[in-house]
2 protein chains.
Amino acid sequence: MARAALTTDAVVDVALLIIDEKGPAALTLSAVAGRAGVATPSLYKHVRNLAELRSLVSARIMNEIADQVGEAVLGRSADEAIRAVMMAWRHYALRHPHRYSALIQTPEPRTVEAGTRLINILLATFRAYGMADSAAIHAARCLRAAVHGFAVLETEGAFGLPEKLDESYDLLIHMMITGLHAPR
Amino acid sequence: MARAALTTDAVVDVALLIIDEKGPAALTLSAVAGRAGVATPSLYKHVRNLAELRSLVSARIMNEIADQVGEAVLGRSADEAIRAVMMAWRHYALRHPHRYSALIQTPEPRTVEAGTRLINILLATFRAYGMADSAAIHAARCLRAAVHGFAVLETEGAFGLPEKLDESYDLLIHMMITGLHAPR
DNA sequence: GCCATAAAGCTAATGTGATTAGCCGTGTTC
DNA sequence: GAACACGGCTAATCACATTAGCTTTATGGC
């Protein structure tokens, strides 16, 4: 071994710092190296390239979301659980808007793995409705799409009037819950 | 005047060609210039810079979506209209996945203007339910979030099993429609 | 038909970032 | 105490975006 120094995790930490401050577009290896007090090429000792750093960052973020959502759902079930999931997910996005924009959806192994944790939470929740596996998968996809769509649009500032967004989201939660109960 | 040659619109055409073939990340001024048979700096006679080109491209795409959705909704109302909107929107995304990924959500005037056309179609549709203005806005936001979320996730390949996606989307349509009818 | 002009194109140059190659010091380990 | 592997560094290359300034060519007015 050699000096203690930088680790891959520490590089990701710095990357998140930059993203939080200036958005995903500002994530460059130069910027990370500057923050870490190191020359740019030195980073290649810890990450393969910029693409890998982005993927590590994305996975870390997805894991954070899964953590928060998993925590929120503890001790709740059915409608209460759905509401808790949706609230926690959106709150994460609002607390870290730039991080949310840095999420990669493209099938990228690391993020997919973290995303699977999140999906499993949703599936477990839907089993509380007595749903069959297949039905739970469809329901989970719908919930994911709705929440993610709202979070993306809100964090990117795509909605016009900011003041009533809580109300809109309440409606979305309501629609999801009632939609799940309604017979096909 | 000078030679006929390139126009801003033609540059956007070429940009869309590149996006369709290789995705939004491949959209560089060099690539556009190469395709257009022109030196890179010549493009600056037609677009201010790469950022503006992206914004023009995004606006064009959003307008295409609004066109398709607007067409789909003709002659329909209420539930039928909602279903038609959702189907047309997703179909556009599936026909042009790379274009869908090239959409910019950030408050960017040109895209916002085109997006407003789309929102107005949704609002008009919700009035068919006899909704008040405020309720229609919340409903439109929810519909937009759900459809956009599904389209983003599907076009980026974020969903696992491709074969049942039609079924999942049917469920989403069902959830939206029943959710809209259910009382708060 | 001839010229001024403005549009549209071009070459050259600069700056930023990513990435690679190859060198150097420093702990760790035997 | 010497070999080694790790982590950092400098130098160099490449791809792009962007700017400056020159050249060419329609075209409208004469």
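These values consider heavy atoms only, across backbone and side chains, with no hydrogens, waters or symmetry-generated copies. Chain letters run A, B, ... following the sequence lines, proteins first and then strands; every chain starts at 1.
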Between [X] and [N], does any side-chain N or O lie under 4.0 Å from OP1 or OP2?
X: B:Thr40; N: D:dC16; answer: no
X: A:Ser30; N: C:dA18; answer: yes
X: A:Ser42; N: D:dC9; answer: yes

[X] has an atom [atom1]; how far is it from atom [atom2] of [N], in whole Å?
X: B:His46; N: C:dA7; atom1: NE2; atom2: P; answer: 12 Å
X: B:Leu53; N: D:dA17; atom1: CG; atom2: P; answer: 10 Å
X: B:Leu6; N: C:dC10; atom1: CG; atom2: P; answer: 10 Å
X: A:Ile18; N: C:dG17; atom1: CD1; atom2: C1'; answer: 13 Å
X: B:Arg48; N: D:dT18; atom1: CZ; atom2: P; answer: 11 Å
X: A:Leu50; N: C:dT20; atom1: CG; atom2: C1'; answer: 16 Å
X: A:Tyr44; N: D:dC9; atom1: OH; atom2: P; answer: 14 Å
X: A:Leu43; N: C:dA18; atom1: CG; atom2: P; answer: 9 Å

*asked:* Quick check for you: to the nearest 0.5 Å, what is the distance between A:Ile121 atom CD1 and A:Ile65 atom CD1?
replied: 11.0 Å
*Looking just at side-chain N and O atoms, do B:His46 and B:Thr8 make a donor-acceptor pair shorter than 3.5 Å?*
no
*Using 4.0 Å as the upper bound for N to carboxylate O, is an ion pair formed by A:Glu21 and A:Arg35?*
yes
*Closer to the 5' end of DNA chain D via nearest nucleotide, is it B:Lys45 or B:Ala51?*
B:Ala51
_Minimum-distance nucleotide to A:Thr28 side chain [options: C:dA18, C:dA12, D:dG8]_ =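 Between C:dA18, C:dA12, D:dG8, the one nearest the side chain of A:Thr28 would be C:dA18.
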_Would you say the rings of B:Tyr92 and B:His96 are close, in the sense that their centroids are separated by under 6.0 Å?_
yes
